[in-house]
Amino acid sequence: MTTDEFRRYAHKLADWMAGYMENVEKYPVKSTVKPGEIFNRLPDVPPEHPESFDNIIRDIEEIIMPGITHWQSPNFFAYFPANASPPSILAEMITATLGAQCMIWETSPAAAELEEKVMNWLRDMIGLPGYFQGVIQDTASTATLAAILTAREKSTGFSVNENGFSNDKRLRVYCSEQAHSSVEKAVKIAGIGRKNLVKIGVLPDFSIDCRKLEEAVTKDIREGFVPCCVIATLGTTGTTAVDRLRPVGEICKENHVWLHVDAAMGGTALILPEYRWMIDGSEYIDSFVFNPHKWMFTNFDCSAFFIRYPELLIRTFEILPEYLKTRTRGQVNDYRDWGIPLGRRFRALKLWSVIRSYGTEGLREKIRYHLSIASNIAEMISKENDFELLAPVVLNTVCFRYKPAGKVEDQLNILNQKLNHLLNDSGKIYLTHTSLNGRYTLRMVTGQTNVTMAHAEKAWQIIMSVARNIQL
Ligand SMILES: *Cc1c(COP(=O)(O)O)cnc(C)c1O
């Protein structure tokens, strides 16, 4: 493709992109294709000869688009959001065009220094103490793995990196029963072993029971285990429950245990002064992750990882082959030593673009609006006799179920599962579920970039009418 052709297609695609944003509500939110449908429409062998880009665009429209679930639809209330926004998309276009691989300072000084600056902005925006330093990771899963690996090295005097696990005492990691599955994955990968992940029971509000945490740590020490890391969650994936950092942190400090905070979705709310209570106890935190790619209008992937003592992280990950030796080493941040991959995308650009385009006050306004939608919906749900809320509404997520009179628990579970499938298959809205105390629970998350009260109200009308028409 020549640059002239590129220019022509780029203009055409810019129109396509703006049109998509304007029309995203016209697609079924959740793709309706069956397994294998897209695969079978694609040729089994690649083309031998060049194809025109027009053909590629045509196939994107005809084959690919039907298999897309529209995360950027304001009728997307499923999972947690993966927000995009125009300033983020524009910056991604530049990142793609530059195609810089930002593994070390020298391979693009601006990328390293912008990342350092923007992460300082973000740290101050969410109220973390000024001694934290930040690095952008691809996902919260990777950041949590990096935290657990660093905690592992710290608690073994950096010996596992050197010798592997030998006959040392077994390490223990703790999180609540409501913590994200990425914790379990990280514990497996880190060689600590899933059996050494201790899942602590929760209080009625689904936050960690600190008394049980303390008991578990004390018991483990008595039995010869080494408590290594506690993961506290600010905004659990099921219900956005918030673990209390201060009592958790005191237990960690007392027992020399690393405190990692997973605020993947909820961290965004910390830009609001009225939500700063969530990091009361921040002086105990060793590492912290939150995802601007979830609820801060920055395209996937962009996960903000903050660390109190970067030297521990760097010592855990550092490698120095001859071909990566530079004259600036030690004077600058070489982010390849701050995590798992060597190669790194220029992700700071989109984050910078988003923060500048909205402004911190503009971001706060949007987040407050999303939070107000969730509390309005919760209020509407609580007014209906045949529906019930199943968890406190702390952030942007409402957990509820349909509960007509005269049904036992098993029937209610079947009924709500059916309701969820009918709603999603309708293409009008998309919700996902969790299980709370054995109850099939619908979750409605009001965090999509362009969601409005009108979208949420319409969704609630649809939910009520579909529920009340189900014949079991
Ligand atoms: C979404 C989520 C994660 C995982 O995020 P990725 O960036 O997809 O790895 C981890 N923890 C919590 C609490 C989450 O909600």
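Read the numbers this way: they start at 1 and go in the same order the structure lists the ligands and their atoms. Numbers for residues simply follow the sequence, beginning at 1.
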Using 4.0 Å as the upper bound for N to carboxylate O, is an ion pair formed by Glu361 and Lys366?
-> no
Could you list the residues that satisfy side-chain contact (heavy atoms from CB on, under 4.5 Å) with Ala140, not counting sequence neighbours?
-> Ala264, Val289, Asn291, Ser303
Near-ring test Trp460/Phe387, centroid separation under 6.0 angstrom | yes
Is the Tyr20 ring parallel, tilted or perpendicular to the His70 ring (thresholds 30°, 60°)?
-> tilted
Would you list the atom pairs, donor with acceptor, under 3.5 Å between side chains in residues 304-314 and any protein atom, with sequence neighbours excluded?
unit_1, atom_1, unit_2, atom_2, d
Arg308, NH1, Tyr131, OH, 3.4
Arg308, NH1, Glu283, O, 2.7

Output, or 'none' if empty, a list of ligand 1-protein atom pairs in which both atoms are N or O and the distance is under 3.5 Å, rounded to 0.1 Å.
unit_1, atom_1, unit_2, atom_2, d
ligand 1, 7 (O), Ala140, N, 2.8
ligand 1, 7 (O), Asn291, ND2, 2.9
ligand 1, 7 (O), His293, NE2, 3.3
ligand 1, 9 (O), Ala140, N, 3.4
ligand 1, 9 (O), Ser141, N, 2.8
ligand 1, 9 (O), Ser141, OG, 2.5
ligand 1, 11 (N), Asp262, OD1, 3.2
ligand 1, 11 (N), Asp262, OD2, 2.6
ligand 1, 15 (O), Thr237, OG1, 3.0
ligand 1, 15 (O), Lys294, NZ, 3.0

Can you give me every donor-acceptor pair (side chain of residues 199-207, partner residue at least two apart or in another chain, under 3.5 Å) with its distance?
unit_1, atom_1, unit_2, atom_2, d
Lys199, NZ, Glu184, OE1, 2.7
Asp205, OD1, Ser207, N, 3.0
Asp205, OD1, Ser207, OG, 2.8
Asp205, OD2, Arg244, NH2, 2.9
Ser207, OG, Arg244, NH1, 2.9

